[in-house]
Amino acid sequence: MVKHFFDLSTLRSSWDQVASAFWQRYPNPYSKHVLTEDVIYREVTSDNKLLSRRLLTKTNRLPRWGEMVFPNNLARSVFVVEDSIVDFQNRTFTTLTWNINHTRIMLVEEKCVYRPNPENPACTQVQREAWVTSSVFGFSRAIQEFGLARFRRNQIKATEGFEYILANLQGEVLPKTLKGATEKAKETALAATEKAKDLASKAAPQKAKQFI
C-alpha cells in the first residue's frame, strides 16, 4: 500500500519572484539537511519552457528503531533527482523529485506545482503531493508511516526556508546565520558531490516518471 500526501499552501510572493528564488533556496537555516545541489541538465525549448534536472544530496538519519533493524554501514546520505518544467506562457512551475538510493527501504516521490494564486495574484499557490512506498517485508507499513511523518515535517521546514529566502531577496532583514550555513554546507558537500553525480547518471535513466 502506498502512503499519499496532499497539501495546498500559499507563498507570500508573486509567481515571478518564486520562480526566480527557487534556484536560490539553499542553503537556509530551515534546510540544513540539504548538503549539495548540482545541475545535471538544462534546456530552453522552442516553446519557451525551461527544463532542468538537478541532483541533491540530503542527510538520511534513521530513527532509533531503524538503527536496530538496518546495518550500521547503511549510507547516511540520500541522493535525490529533481526534474522541473518552468512554463512561462501558462505561468506554472512543476517539479518532480525522487530518491535514487535506499529505494527498497523507502521510495519517496514528490510533485509540486507552483502557479499564481487565483484569489490573490500577488501570492503563489503551491500544490504538493507525495507518495511513500517500501518493499521491506514485515516492516513496510511502519517505514511508510515514518516516511510520511518525516515528509510532513520536512515540507513545513521547506516552506519556511523558501519564505526566508524570498524575504532576503526582496530586501528584508536577513539574520547573520546564513553566511555560516553556506560555508558549512559547502565544506560538507565537497566529498559527496562526485559520488552522487555518478550514481545519478546510472540510476536516473531507469526511472519512468520524469519530465526530461
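The structure presented is a predicted model; accordingly, all values stated were derived computationally and were not measured.
Thr36 places a side-chain N or O within donor-acceptor distance of the main-chain N or O of Thr57, the cut-off being under 3.5 Å. Of the possible donor and acceptor atoms, none in the side chain of Ser14 sits under 3.5 Å from a partner among the backbone N and O of Cys123. Gln125 contributes no side-chain N or O that, together with a main-chain N or O of Arg115, makes up a donor-acceptor pair within less than 3.5 Å. No donor-acceptor distance shorter than 3.5 angstrom exists from the side chain of Thr103 to the backbone of Asn99, with no hydrogens or angles considered. Between the Glu110 side chain and the Arg128 main chain, no donor and acceptor come within less than 3.5 Å of each other. No donor-acceptor distance shorter than 3.5 angstrom exists from the side chain of Asp7 to the backbone of Arg152, with no hydrogens or angles considered. Between the Ser84 side chain and the Thr95 main chain, no donor and acceptor come within less than 3.5 Å of each other.
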Report task. Go through the steps for Gln127 and Phe6 under the test side chain to side chain contact (heavy atoms under 4.5 Å, CB included), then give the verdict. Result -> CA-CA 8 Å; Gln127 178 179 309; Phe6 179 88; 3.7 Å; yes
Query raised in the report: Can Val18 and Phe93 be said to form a side chain to side chain contact (heavy atoms under 4.5 Å, CB included), step by step?
Result: CA-CA 9 Å; Val18 168; Phe93 190 154; 5.7 Å; no
Query raised in the report: Hey, mind stepping through Asp87 and Thr94 against side chain to side chain contact (heavy atoms under 4.5 Å, CB included) and telling me if it holds?
Result: CA-CA 8 Å; Asp87 186 338; Thr94 306; over 6 Å; no
Report task. Could you walk me through whether Tyr26 and Leu56 pass side chain to side chain contact (heavy atoms under 4.5 Å, CB included), step by step? Result -> CA-CA 10 Å; Tyr26 308 118; Leu56 295 91; 3.7 Å; yes
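Val44 and Val86 fall within a single hydrophobic cluster, where Ile, Leu, Val, Met, Phe, Trp and Tyr side chains are chained together by heavy-atom contacts under 4.5 Å. Cluster annotation: Trp23 and Phe88 are assigned to the same hydrophobic cluster (Ile/Leu/Val/Met/Phe/Trp/Tyr, side-chain heavy-atom contacts under 4.5 Å, transitive). Side-chain heavy atoms closer than 4.5 Å link hydrophobic residues (I, L, V, M, F, W, Y) into clusters, and following such links, even through other members, never connects Val113 to Phe5.
Under the 30°/60° scheme for interplanar angles, the aromatic rings of Tyr30 and Tyr164 are found to stand perpendicular. Relative ring orientation between Tyr114 and Phe22 is described as perpendicular, the plane-to-plane angle rising above 60° on a 0-90° scale split at 30° and 60°.
Put simply, CZ on Phe137 and CZ on Arg104 are 11.0 Å apart, with the number rounded to the nearest 0.5 Å. Atom CG of Leu107 sits about 9.5 Å away from atom OG of Ser134, to the nearest 0.5 Å. Expressed to the nearest 0.5 Å, how far CG of Leu55 lies from OG1 of Thr97 amounts to 12.0 Å. For the atom pair Ser13 OG and Asn117 CG, the distance stands at 12.0 Å (nearest 0.5 Å). Of the inter-residue distances, the one linking Arg53 atom CZ with Glu43 atom CD reads 12.5 Å to the nearest 0.5 angstrom. The structure places CH2 of Trp131 at 12.5 Å from CG of Leu148, a figure rounded to the nearest 0.5 Å.
Between Asp47 and Thr45, the side chains place a donor N or O and an acceptor N or O closer than 3.5 Å (distance only, hydrogens not considered). The closest side-chain donor-acceptor pair between Arg42 and Ser52 falls under 3.5 angstrom.
Nearest heavy atoms, Ser31 versus Ala158: OG-CA, 4.4 Å. The nearest pair of heavy atoms linking Ala21 to Leu166 is CB-CD2, 3.5 Å.
Ion pair Glu82/Arg54 flagged as a salt bridge, since at least one NZ, NE, NH1 or NH2 atom sits closer than 4.0 Å to an Asp/Glu carboxylate oxygen.
Within a 6.0 Å sphere centred on CZ of Arg91, other residues, nucleotides and ligands contribute more than 12 heavy atoms.
For the side chain to side chain donor-acceptor pair (under 3.5 Å) test, residues two or more places apart in sequence or in another chain that qualify with Lys3 are Glu145.
Residues Phe139 and Ile105 have side chains not in contact (no heavy-atom distance under 4.5 Å, counting atoms from C-beta outward).
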